[in-house]
Undergrad: 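Below you will find the structure I want to go over with you.
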Amino acid sequence: MKTVCDFCKTEYSLDAVPVGPVKCAVCGNTWVVQRESKRNPILVFIAALCALLAAIVFAVAVLYQNQVKEIQEKPIIAEISGIDTSTDDNGIVRFVVSGRVVNRSEQIYGVPGVVIISYDANGRVIDRQRFMPSATLLEGGHDAAFKHVLAVPTDNVDKIAVELDSQEK
């Protein structure tokens, strides 16, 4: 084992760790030699692996808790699955929005109205159309498909979003 005088920086090689303080032969300074810590690399690896596993379990628990909280706050959601166009009898091209209302909970819920919102390129609302899907009740884990033709022509529409009429905006 190696040790160095704190004062004059003289280096010494020792066969074993001394029981008490040592005295420098050059300057007379005394100090206590600290025992070298020997870490078993396998134990260090296992400890790091355990810490990583604990972090993963914690992250999964937090994500699951947030998902459960989100489902409790919004058990019913609406989502768009497709947007097509169709031309009416007057030659005006209109959007046809397809989607579904999903019950993410385990309970039965009444299906609220659906609102389809059309936005322009600046994010301003062009139109809001409310309609009722064909289903009136949704069992837990089920969904109800919808298809709605927008009254607004496709001109100036940059984005289309969907939301439930009963949820906070």
Undergrad: Does N156 have more than 12 heavy atoms from other residues, nucleotides or ligands lying within 6.0 Å of its CG?
TA: no
Undergrad: Do I92 and I126 belong together in a cluster built from hydrophobic side chains that touch within less than 4.5 Å?
TA: no
Undergrad: What distance do D143 atom CG and I76 atom CD1 have between them, rounded to the nearest 0.5 Å?
TA: 10.5 Å
Undergrad: Please examine the side chains of F146 and S134, heavy atoms only from C-beta on, and report whether any two atoms are closer than 4.5 Å.
TA: no
Undergrad: Between E163 and K74, does at least one N-O distance fall below 4.0 Å, as a salt bridge requires?
TA: no
Undergrad: Out of curiosity, T3 OG1 to E11 CD, how far, rounded to the nearest 0.5 Å?
TA: 9.5 Å
Undergrad: What distance do L150 atom CG and F95 atom CZ have between them, rounded to the nearest 0.5 Å?
TA: 7.5 Å
Undergrad: Rounded at 0.5 Å granularity, tell me how far CD1 in I83 sits from OG in S98.
TA: 9.0 Å
Undergrad: Linking Ile, Leu, Val, Met, Phe, Trp and Tyr by side-chain heavy atoms under 4.5 Å, what else ends up with L137?
TA: I108
Undergrad: Mind checking whether V62 and N66 have side chains closer than 4.5 Å, heavy atoms only?
TA: yes
Undergrad: With a 4.5 Å cut-off on side-chain heavy-atom distances among I, L, V, M, F, W and Y, is there a chain of contacts connecting V101 to V149?
TA: no
Undergrad: Take V157 and V152 through the side chain to side chain contact (heavy atoms under 4.5 Å, CB included) test and state the conclusion after the steps.
TA: CA-CA 9 Å; V157 175; V152 174; 4.1 Å; yes
Undergrad: When you compare the side chain of P153 with that of R94, does any pair of heavy atoms fall below 4.5 Å?
TA: yes
Undergrad: Output the distance between atom NZ (K23) and atom OG1 (T30), rounded to the nearest 0.5 Å.
TA: 7.5 Å
Undergrad: Which atom names give the shortest non-hydrogen contact between I80 and I160, and what distance separates them?
TA: CD1-O, 3.7 Å
Undergrad: Would a hydrophobic clustering, with Ile, Leu, Val, Met, Phe, Trp and Tyr connected at side-chain separations under 4.5 Å, put V17 with L14?
TA: yes
Undergrad: Do C8 and N29 come within less than 4.5 Å of each other through their side chains, counting heavy atoms only?
TA: no
Undergrad: If you take all heavy atoms of V26 and Y12, which pair is closest and at what distance?
TA: N-OH, 3.9 Å
Undergrad: With a 3.5 Å distance limit and no angle check, can you tell me whether N103 reaches the backbone of E139 through a side-chain donor-acceptor pair?
TA: yes
Undergrad: Can you confirm whether I42 is buried at CD1, in the sense that more than 12 heavy atoms of other residues, nucleotides or ligands lie under 6.0 Å from that atom?
TA: no
Undergrad: State, to 0.1 Å, how close C5 and W31 come at their nearest heavy-atom pair, and which atoms those are.
TA: CA-CH2, 3.4 Å
Undergrad: Just wondering, do V115 and D165 contact through their side chains at under 4.5 Å, heavy atoms?
TA: yes
Undergrad: Between atom CD of E79 and atom CG of L164, what is the distance when rounded to the nearest 0.5 Å?
TA: 10.5 Å
Undergrad: Before you tell me yes or no, could you show the steps for I116 and H148 under side chain to side chain contact (heavy atoms under 4.5 Å, CB included), namely the whole-Å CA-CA distance, both residues' side-chain angles and the distance that decides it to 0.1 Å?
TA: CA-CA 9 Å; I116 298 178; H148 187 74; 4.0 Å; yes
Undergrad: Closest heavy-atom contact between F131 and P133?
TA: O-CD, 3.8 Å
Undergrad: Looking at every heavy atom in both G113 and M132, which two are closest together, and how far apart are they?
TA: CA-SD, 3.3 Å
Undergrad: Can you name the nearest heavy-atom pair linking R104 to I71, along with the distance?
TA: O-CG2, 3.6 Å
Undergrad: Start with the C-alpha distance between T136 and V111, add both sets of side-chain angles, then the distance that settles side chain to side chain contact (heavy atoms under 4.5 Å, CB included), and finish with yes or no.
TA: CA-CA 5 Å; T136 55; V111 178; 5.8 Å; no
Undergrad: Would you say N122 has more than 12 foreign heavy atoms packed within less than 6.0 Å of its CG?
TA: yes
